[in-house]
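We use all heavy atoms of the structure for the numbers below, so side chains are in, but hydrogens, waters and symmetry mates are not.
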Amino acid sequence: MTLSHEQKTHFQHIVDTAPTAIQPLATALFKYMDNRDDDIERLIATQHYQTLQELFNGPFFDVLTLFSSQERANTIKTLALRFDTTMFQTGILRRSFRSAQPVQDHLFQCLQLIEEMLTFEEISLQELLTKHQQYEHGTYPNYHAYVLKKDKIKVIDFTVFEQLLAEELSLQNTLIEEAVESILFDEHRSSFFGYPLIRGIFKSTNTRMHEALGKLLVAAARQEGLRQAIVENIDHGNLEAQLKMMKLIQEHKLTRFSSVIRAIDTWMGLGYNSFDNQKITEEVLSLAIQAIEEDSFTEELLQSERTIDIFVALWAISTKDYTKLDAVLPELLKRDKHIQLTALAFLKNLSKIPFTAPYVKELILTTKDIELFAFAWGNFIYANHYINSEYAQDNDWDKTLQSFMQENVQLQGIEYPFFEQIEWAKSEISKEGLTITGKPLPFVFVHLLLEDLVSIQIILAHHVQDEALFQRIIAQADSYSPTSRIGLLNIYCLHPTTQGQREFLFSSLRDRSSINRSIALKKIHELTPTTDEILKIEDLLANKSGALRKEAISLLKVQPQDSVLQSAERLIKDRKQLKRLGGLELLLEASKKSAIANEQIIALCALLPKVTKNEQVLLDQLVTQDVPEYNEHNGYGLYTPHPPVQYDSITSGAINMNAGEPWQQLVPLYVQSPTPLEKFFQYDVTKLLHKLEQLIHILDENADYEYETYQWNDTTITTTLDQRYSLIATKTTNQHQANLDVHPIPEKIVQWIQTSMFSCEDLAYFNFYNDLYEYPTAQDLTEEAHTLIAPFFHYEEIKKNIAKFNALKHKYTLEQIFAVLMQDNKHIEEESVLHKEAITLLEQHSPAFNSFEQAVGIMLQLLQQLSAEQWQINIRDNSYYYYRATLTIIDLDVIQLFVDRCLADYSTYC
């Protein structure tokens with residue numbers, strides 16, 4: 001997060017007045033909270049704390065007290081210490097691994113908790129739970145917090161809530177237990193129930209609450225959504241809770257449900273839906289349970305020749321403490337190949353190269369088996385893809401690469417042998433790389449990229465500053481991808497002073513990639529080209545690319561005048577027309593910079609073998625005085641900058657092309673009293689919200705409707721309406737232009753349209769408010785822009801309405817339903833009876849409404865009432881995001897929506 005101005009001022013004052021002994025730590029924490037600076041992690045790492053208790057008993061606790069109070073610091077400490085027993089990975093690729101190095105592995109989670117608790121005072125946990133009907137899961141920007149239903153005000157962050165709940169349940173607080181049970185077994189299941197509550201229970205040591213969740217899981221029956229919510233969060237708890245739930249799944253044979261299989265796959269790193277065979281899943285689960293409970297059984301599995309036994313054993317060890325792998329990895333990596341591959345495939349799940357690299361170092365340096373090398377690679381080094389970025393040219397590469405080598409200590413001292421081993425690996429794979437699937441286990445996927453190998457070679461060559469290594473890389477550069485050659489331009493040509501560097505830089509002007517040629521040209525701008533290098537620049541003018549030609553001419557025209565004329569002569573005499581045009585363009589640009597006698601120009605132009613039409617245009621400009629300045633507004637003399645408006649598509653027979661501006665002729669037809677904008681704001685948004693609440697109620701009633709749908713890879717998955725609104729796989733194989741009939745509950749949606757009188761007009765207004773940002777751009781407008789738009793747009797009213805639409809339950813599902821309804825009728829199949837009935841009803845309920853004409857009327861009103869100069873004013877004082885430009889009124893979000901509607905064909909559903 002970024003601190004507010006008030007928070008910055010507050011914390012900066014604390015840092016400035018902090019005791020000298022803890023000031024560096026206080027400064028680092030402040031910088032972390034403000035811009036995610038990682039100095040705090042480095043400072044803590046230097047202290048070599050072994051436990052979180054040690055960390056929070058030292059100077060760090062004094063900093064927390066300084067930033068808050070003794071009481072608050074103690075609360076933070078208590079909640080942070082709870083991370084000790086939970087997994088350290090997060091996200092969809094997490095595994096249920098735990099660590100005996102909590103300071104190293106849980107510091108990120110601790111810092112997130114600290115930042116939240118130092119910058120926000122949460123509501124009382126007891127009040128939140130006992131009055132849970134008043135709260136719900138938030139949406140942007142509070143999507144990771146509980147908020148008040150009415151005002152959408154944040155009351156507590158999910159992470160803080162989970163830790164607080166775990167602490168109170170572990171203390172067996174009776175009031176909290178009763179409140180949680182009432183939520184769990186609420187017949188109507190309020191919107192408060194969800195992942196944070198489930199995670200908080202699993203993180204606690206309260207076995208009675210674990211059993212309560214277990215009962216709820218078993219009783220879920222056909223409630224796939226409820227079952228999925230529980231099993232997806234089992235791994236967030238402590239080991240005791242996870243083991244209890246695994247046994248429950250085994251006892252009740254819950255592996256027959258797809259959500260349970262996916263959860264097990266996630267915990268163990270088995271791949272998404274890796275086991276379609278329920279018996280195999282049950283076997284893996286049974287092995288895992290026994291391995292966690294019995295260390296002797298884990299030892300037995302480690303001696304097995306079966307790959308799945310090895311994988312489960314390694315998982316069981318890591319689920320308790322991954323650092324204990326150090327006792328078994330050396331032996332496993334010396335066994336037969338299938339065991340080596342299994343161990344390496346498992347280690348990839350750790351995503352901890354500092355831990356895994358020492359174990360695979362010898363293997364990756366000595367093996368001549370490309371499969372073993374590929375499996376080991378992902379456990380030994382993270383390739384630096386950033387060096388291959390066209391946007392990284394101005395990076396401080398000397399410092400960045402030095403840091404890269406310092407962080408990857410495994411590379412130090414092996415630069416040359418590792419370079420040679422990579423050279424061998426490159427000869428073993430194709431240009432597309434090496435892909436290994438289904439080996440040694442069906443869910444394993446390994447992909448070794450040639451680009452990654454080249455990137456590390458470039459970094460190694462730079463680190464040892466060995467020109468010979470660079471030349472070996474360059475010798476094969478033509479066979480590399482363009483991005484790898486960008487890496488050479490960024491790193492090898494970082495300071496192009498040697499002959500080899502300049503040769504590669506200028507040879508890159510002939511690169512097949514226009515991006516690479518542009519990068520080379522930018523670097524050449526900083527050099528003084530030799531005669532031979534000038535010839536290479538001239539060769540660029542054989543390309544059609546306007547950007548390249550412009551860069552080449554900009555380089556050539558800075559030469560002394562005699563050299564410019566020599567370049568122009570060579571180009572004009574060339575047999576290629578594009579180069580001859582380049583010579584004329586160079587003469588034209590040079591004549592603007594300094595006076596060139598007409599006789600010289602005429603003499604050079606006479607060298608043209610024959611004059612083409614395009615060359616004649618440039619010749620006329622060269623010999624004509626007062627040549628106009630071509631720019632974007634006049635299309636550079638080559639094209640019409642703004643295409644003519646096709647007024648025929650707006651109205652028929654109302655435009656006289658010889659009677660003034662066509663749009664002005666349309667104003668009387670569209671801008672009357674009340675004006676289009678006045679009519680727009682007369683619409684009753686409250687009635688629309690009431691209709692939407694009726695549809696939301698229908699979605700709630702059918703939340704557990706279960707069906708099969710398609711995933712991104714065309715395979716099917718079982719889901720519920722509460723989780724996803726998508727086409728039903730059993731009804732269609734066509735995933736494009738799928739109609740209402742092949743989606744869930746079409747009859748009930750049509751019935752809702754009919755009874756609620758939902759119309760095309762309602763749909764257009766839903767899209768209007770839904771498509772706007774939560775905070776309209778008016779919040780950062782200039783004062784001049786505010787004054788200009790005030791008579792037209794009721795921004796305060798718009799902002800209130802946007803907040804209401806953003807707060808709608810099932811908002812994304814509503815968007816999906818309406819997206820289906822808005823399809824062009826031409827793409828809807830004949831048998832789509834319900835879909836066509838829905839479209840007919842939408843049109844019948846607002847027969848006089850036309851969204852396209854509404855937008856045209858509003859734009860005509862704005863064109864009539866705003867002068868041309870007013871359309872040009874900047875609406876922002878500062879640059880917008882990463883664009884270094886202000887925006888004009890046409891870019892205002894509200895106006896942009898009407899512009900987009902004018903350019904779209906809305907007649908298909910309005």
Side-chain angles (χ1 to χ4, degrees), residues 329 332-348 350-354 356-388 401 404-405 407-440 444-464 466-488 490-492:
L329 286 177
L332 288 176
L333 293 175
K334 292 177 182 177
R335 288 174 61 182
D336 292 342
K337 179 179 175 180
H338 70 288
I339 301 298
Q340 290 177 306
L341 293 179
T342 303
L344 292 169
F346 174 82
L347 288 179
K348 191 71 170 65
L350 284 174
S351 298
K352 285 195 144 319
I353 283 179
T356 58
Y359 297 106
V360 303
K361 184 175 182 178
E362 181 180 354
L363 178 64
I364 203 169
L365 285 175
T366 59
T367 185
K368 292 305 176 185
D369 184 318
I370 191 60
E371 290 185 342
L372 281 173
F373 182 90
F375 274 70
W377 178 268
N379 291 297
F380 187 70
I381 190 72
Y382 287 124
N384 189 325
H385 297 117
Y386 191 51
I387 71 169
N388 299 327
L401 295 184
F404 179 85
M405 292 299 294
E407 292 166 4
N408 291 275
V409 293
Q410 71 273 20
L411 297 179
Q412 296 174 17
I414 64 165
E415 293 88 350
Y416 285 99
F418 193 35
F419 186 97
E420 296 300 335
Q421 185 72 343
I422 293 175
E423 194 70 15
W424 161 79
K426 283 161 55 180
S427 68
E428 295 290 315
I429 65 176
S430 67
K431 185 177 179 180
E432 288 72 33
L434 173 68
T435 300
I436 304 170
T437 58
K439 184 178 181 179
V444 172
F445 174 87
V446 171
H447 186 51
L448 181 64
L449 285 170
L450 177 63
E451 183 179 315
D452 290 350
L453 299 179
V454 176
S455 295
I456 296 301
Q457 280 193 313
I458 292 172
I459 293 173
L460 292 173
H462 177 271
H463 180 64
V464 296
D466 193 323
E467 177 70 16
L469 295 185
F470 272 121
Q471 288 305 319
R472 289 174 63 186
I473 300 171
I474 291 169
Q476 306 171 52
D478 287 343
S479 64
Y480 299 155
S481 67
T483 51
S484 290
R485 295 195 294 275
I486 290 177
L488 282 167
N490 283 339
I491 307 304
Y492 179 54

> Is it the case that more than 12 heavy atoms not belonging to Lys348 sit under 6.0 Å from its NZ atom?
Replying inline: no

>> Closer than 3.5 angstrom, by distance alone: can the side chain of Glu415 be matched with the main-chain N or O of Gly413 as a donor-acceptor pair?
In response: yes

> Under 3.5 Å, is there a donor-acceptor pair linking the side chains of Ser455 and Asn388?
Replying inline: yes

> When you look at Leu329 and Thr356, which way does the side-chain contact (heavy atoms from CB on, under 4.5 Å) test go after all the steps?
Replying inline: CA-CA 9 Å; Leu329 286 177; Thr356 58; 5.9 Å; no

>> Working to the nearest 0.5 angstrom, can you tell me the gap between Ile387 CD1 and His462 NE2?
In response: 10.0 Å

>> Treating Thr366 as the side-chain partner and Glu362 as the backbone partner, does any N or O pair qualify as donor plus acceptor under 3.5 Å?
In response: yes

> Taking all non-hydrogen atoms of both residues, which atom of Val446 and which atom of Val444 are closest, and how far apart?
Replying inline: CG2-CG1, 4.1 Å

>> Looking only at side-chain N and O atoms, does Lys426 offer a donor or acceptor that is under 3.5 Å from a partner on Gln421?
In response: no

> With under 30° as parallel and over 60° as perpendicular, where do the rings of Tyr492 and Phe470 fit, or are they tilted in between?
Replying inline: tilted

>> Under a 3.5 Å cutoff, is there a donor and acceptor pairing between the side chains of Tyr359 and Asn379?
In response: no

>> For Lys337, I'd like to know if atom NZ has over 12 heavy atoms of other residues, nucleotides or ligands within 6.0 Å.
In response: yes

> Could you give the distance from CD (Glu420) to CD1 (Ile422), rounded to the nearest 0.5 Å?
Replying inline: 10.0 Å

>> With a 4.5 Å cut-off on side-chain heavy atoms, are Leu448 and Leu453 touching?
In response: yes

> If every non-hydrogen atom of Ser430 is compared with every non-hydrogen atom of Leu450, which pair is closest and at what distance?
Replying inline: O-CB, 4.2 Å

>> Tell me if a side-chain donor or acceptor on Asp466 pairs with a main-chain N or O of Ala468 at a distance below 3.5 Å.
In response: yes

>> Evaluate Asn490 against Tyr386 for side-chain contact (heavy atoms from CB on, under 4.5 Å), listing each step before the verdict.
In response: CA-CA 10 Å; Asn490 283 339; Tyr386 191 51; over 6 Å; no

> Ser479 and Gln476: which non-hydrogen atoms are nearest, and at how many Å?
Replying inline: OG-O, 2.6 Å

> Taking the side chain as C-beta and beyond, is there a heavy-atom pair between Val454 and Leu449 under 4.5 Å?
Replying inline: no

> Can you check whether Leu434's main-chain N or O pairs, donor with acceptor, with His447's side chain at less than 3.5 Å?
Replying inline: yes

> Between the side chains of Glu371 and Gln340, is a donor N or O closer than 3.5 angstrom to an acceptor N or O?
Replying inline: no

> Under 4.5 Å between any side-chain heavy atoms of Lys439 and Leu341, yes or no?
Replying inline: yes

> Are Glu451 and Lys431 close enough for a salt bridge, meaning some N to O gap below 4.0 Å?
Replying inline: no

> Within a strict 4.5 Å, meaning less than it, do heavy atoms of the Ile364 and Ile381 side chains meet?
Replying inline: no

> What distance do Asn408 atom CG and His463 atom NE2 have between them, rounded to the nearest 0.5 Å?
Replying inline: 11.0 Å

>> Applying side-chain contact (heavy atoms from CB on, under 4.5 Å) to Trp424 and Ile370, what does each step give before you reach the verdict?
In response: CA-CA 9 Å; Trp424 161 79; Ile370 191 60; 4.1 Å; yes

> How long is the gap from CG on Leu460 to CD on Gln457, to the nearest 0.5 Å?
Replying inline: 7.5 Å

> Are Ile459 and Ile491 close enough, and set up right, to give a side-chain contact (heavy atoms from CB on, under 4.5 Å), and what steps lead you there?
Replying inline: CA-CA 8 Å; Ile459 293 173; Ile491 307 304; 5.9 Å; no

> Would you say the side chain of Phe418 lies within less than 4.5 Å of the side chain of Ile456, judging by non-hydrogen atoms?
Replying inline: yes

>> So which atom in Leu469 and which in Tyr416 form the shortest heavy-atom distance, rounded to 0.1 Å?
In response: CD1-CE2, 3.8 Å

> For the atom pair CG (Leu332) and CG (Asp336), what is the distance rounded to the nearest 0.5 Å?
Replying inline: 11.5 Å

> Quick one: does Ile436's side chain get under 4.5 Å of Phe445's, heavy atoms only?
Replying inline: no

> Picking from Phe373, Phe375, Phe380, what satisfies ring-ring contact (aromatic ring centres under 6.0 Å, His included) with Trp377?
Replying inline: Phe373

> What pair of heavy atoms forms the shortest contact from Ala376 to Leu344, and how long is it?
Replying inline: N-CD1, 4.0 Å

> Where is the tightest heavy-atom contact between Ala461 and Ile473, given as atom of each residue plus distance?
Replying inline: CB-CD1, 4.4 Å

